[in-house]
Amino acid sequence: MEEYPTKQVSENLDDPPNSRLFVVTSRSITEDELKDSFTVFGDVQGVWVVKDKQTKESKGVAYVKFAKSSQACLAMEEMHGKVVVEGTKPVKVFIAQSRSSTRHRDVEDEELTRIFVMIPKTFSEDDLKNTFKEYGDIEYCVIIKNKFTGESKGLGYVRYYKPSQAALAIENCDKTYRAILAEPRSKASATEEYSGTAARGDYIGGGEQMNQYAVPMGTPSLLSDPGNYQVMDYRSGDFTRCLMMSTRAALTQEQIFSLFDLVPGMEYCELQRDAYGMSKGHALIRYSNLGSAVYARDKLNGFEYPPGNRLAVNFVDDGEDRSSPVGRMAMQFVAAQMLSAVWNGPSTSQVMKPPGFPAPSPMPRIQTDVNLPPPKKLAPLDSQSKERLFVVFSPSPLPMEVLEDVFCRFGSLIEVHLVPGRKVGYMKYADKQCADEAMAALHGRVVNGVRMKVMLADPPREESHKRLRTY
């Protein structure tokens, strides 16, 4: 694959970071045509069309290198989905994969819009916003505070609406702020100390009503980050009244409470949130007695809620002293009685209905904010494909049956294909209008906790020496 003409140029591809674009385009478009189209956004240092080694023909992808990150980001924002040469398909533009990133990133990528800065400890959020608003519209600002004293640590985050705005801020702000792109939240959550469950008001104004199931403020062990809890191994006899639930899907406080309240004796349930009020994917649950906690853990660990999202439930240290022989014997006796009831009782798939409690309403198979039409029959497998959709899933693909359920509702769906080992898939339709309606309704939407990017797929390649696609 011929990408870059010289070794010297290739060594400077990521200098500065995020200054190189990956462009998916028609095979007929030349390097000069690409350069003419992208030069209006800044200093283009090079354009390379990727060609086949044997035939020397374009593979339909290219790289465009800018002198500045802000220029590359602006070009991505303005050119994505535009037609470069009349009669060719719209181009797809991404920030190219680099040594520090394992994938191409698009205009909706949060990693490109949030910056991390060092600020005076006297700065308020208004001061931080006023300092950086000259570079673009700001979605929010956050000052990192000590979770115990509430004092500023002299560090903060600024989130812009566009990648080009964040890049301009990094390039042009006072160097004393040491502005850099912030790490993804999934990586930073282990090291960033925002605040615990009670600190949400510090960042969002404090006007929100406290959770009615929260424990008193004087209980420090319940205010720390979920990662600080000691997970207990029930196989060694370490049973407690406290459980930590982990979920991949975006569950609400009410959903978690309703689920664990099926077991009598729950006295505390709190969804753990980060500094911006977003769920961390953990919830802390405490029961008034050991038997209820053992029963809930064994029934709900591995339970799929919603369908396709498997919950992880483990015991965590509740701070009680069970070191005495009598206390430990009593704990093990209660646990043995409850586990016996669990193993000999109804299966987890059956609805748990404690005495005196109403049966829970049936769980919907699809949980989404999209107003979906009713399901429709699939088109026959031998139907001619008129349009294919390319779908990117974050953080992971949905199950095949859920995807069929969602995408069949627009009519004429032939089949769903997930690419093994990757977070992408294809939806094949027998009618182009149905595919267009599915793309318009589902692009950028969240289904069962998974965000989907839905785009038109490239047409299958027409080389005679390659096997035709079957999806």
Side-chain angles (χ1 to χ4, degrees), residues 1-109 111-113 162-164 166-168 170-171 181 390 392 419 422-424 453 455-463 465-466 469:
M1 184 167 63
E2 298 177 356
E3 293 185 13
Y4 314 112
T6 65
K7 181 180 179 182
Q8 181 180 2
V9 173
S10 64
E11 291 176 350
N12 299 319
L13 291 176
D14 299 321
D15 182 23
N18 303 319
S19 60
R20 187 168 53 105
L21 298 178
F22 177 75
V23 184
V24 181
T25 182
S26 297
R27 299 184 186 185
S28 59
I29 292 180
T30 65
E31 292 179 351
D32 289 339
E33 289 171 331
L34 284 172
K35 186 171 184 178
D36 291 342
S37 299
F38 283 88
T39 299
V40 296
F41 303 104
D43 181 12
V44 175
Q45 295 183 328
V47 177
W48 302 275
V49 170
V50 180
K51 298 179 180 179
D52 187 276
K53 283 185 177 180
Q54 280 74 36
T55 66
K56 305 300 180 182
E57 293 180 354
S58 168
K59 289 191 172 184
V61 295
Y63 292 89
V64 180
K65 174 70 172 68
F66 282 89
K68 293 184 177 181
S69 304
S70 57
Q71 298 169 348
C73 290
L74 180 61
M76 173 180 65
E77 294 162 8
E78 296 296 328
M79 292 298 295
H80 186 71
K82 299 292 178 65
V83 175
V84 173
V85 177
E86 188 175 353
T88 62
K89 65 181 181 181
V91 298
K92 299 174 184 177
V93 187
F94 308 89
I95 295 293
Q97 175 180 331
S98 64
R99 291 187 179 91
S100 60
S101 174
T102 58
R103 58 188 173 85
H104 302 310
R105 293 177 289 182
D106 64 17
V107 69
E108 296 180 2
D109 201 313
E111 293 181 29
L112 298 173
T113 58
K162 295 181 178 181
S164 60
L168 276 174
I170 292 174
E171 292 168 359
L181 281 178
F390 178 68
V392 181
V419 180
R422 299 184 62 190
K423 300 177 182 180
V424 299
K453 295 178 182 177
M455 302 166 280
L456 290 178
D458 292 334
R461 296 180 180 179
E462 298 178 354
E463 292 98 319
H465 63 281
K466 289 194 175 182
R469 291 182 179 175

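Only a predicted model underlies this, so the values are computations on that prediction, with no experimental measurement involved.
- Contact of the Lys89 side chain with the Asp458 side chain is registered, since non-hydrogen atoms from C-beta on lie closer than 4.5 Å.
- Checked by atom type and distance alone, the side chain of Thr30 pairs as donor or acceptor with a backbone atom of Glu33 at under 3.5 Å.
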Worked verdict on Val85 versus Ser26 for side chain to side chain contact (heavy atoms under 4.5 Å, CB included): CA-CA 9 Å; Val85 177; Ser26 297; over 6 Å; no
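- Of the possible polar contacts, none joining the Glu171 side chain to the Leu168 backbone as a donor-acceptor pair under 3.5 Å is found.
- Side-chain contact check for Ser19 and Lys68: no donor-acceptor pair (N or O, by modelled atom type) lies under 3.5 Å.
- We find the CD-CZ distance between Glu57 and Arg27 to be 8.0 Å, quoted to the nearest 0.5 Å.
- Interatomic distance, Ile95 CD1 to Met76 CE, rounded to the nearest 0.5 Å: 4.5 Å.
- Looking at Leu112 and Asn18, their side chains come closer than 4.5 Å, going by heavy atoms from C-beta outward.
- Not counting sequence neighbours, Phe41 has no partner by the ring pair (Phe, Tyr, Trp, His ring centres under 6.0 Å) test.
- Smallest separation of non-hydrogen atoms from Ser37 and Val84: OG-CG1, 3.1 Å.
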List the steps and the verdict of side chain to side chain contact (heavy atoms under 4.5 Å, CB included) for Phe390 and Val424. CA-CA 7 Å; Phe390 178 68; Val424 299; 3.7 Å; yes
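- With contacts defined as side-chain heavy-atom distances shorter than 4.5 Å, the pair Asp43/Gln71 qualifies.
- For the atom pair CG of Leu21 and OH of Tyr63, the computed distance is 11.0 Å after rounding to the nearest 0.5 Å.
- Looking at heavy atoms from C-beta onward, Ser69 lies out of side-chain contact with Ile170 at the 4.5 angstrom threshold.
- Closest of all the heavy-atom pairs between Pro90 and Gly81 is CB-O, 3.4 Å.
- With contacts defined as side-chain heavy-atom distances shorter than 4.5 Å, the pair Thr25/Val61 does not qualify.
- Classified by interplanar angle (parallel below 30°, tilted 30° to 60°, perpendicular above 60°), the ring pair Phe94/His80 is perpendicular.
- Across all non-hydrogen atoms, the minimal contact from Leu456 to Lys92 is O-NZ, 3.1 Å.
- Looking only at side-chain heavy atoms (C-beta outward), Val49 and Leu34 come within less than 4.5 Å of each other.
- One N or O on the side chain of Glu77 and one on the backbone of Ser164 form a donor-acceptor pair closer than 3.5 Å.
- The shortest side-chain heavy-atom distance between Gln45 and Phe66 does not fall under the 4.5 Å cut-off.
- Between the NZ atom in Lys56 and the CG atom in Asp52 there is a gap of 8.5 Å [rounded to 0.5 Å].
- The two residues Lys82 and Glu78 come nearest to each other via the heavy atoms NZ-O, 2.9 Å.
- The line from OG of Ser58 to NZ of Lys51 is 8.0 Å long, rounded to the nearest 0.5 Å.
- In this structure, the separation between CD on Glu31 and CH2 on Trp48 is 9.0 Å, given to the nearest 0.5 Å.
- Between Ala167 and Cys73, the closest heavy-atom pair is CB-SG, 4.4 Å.
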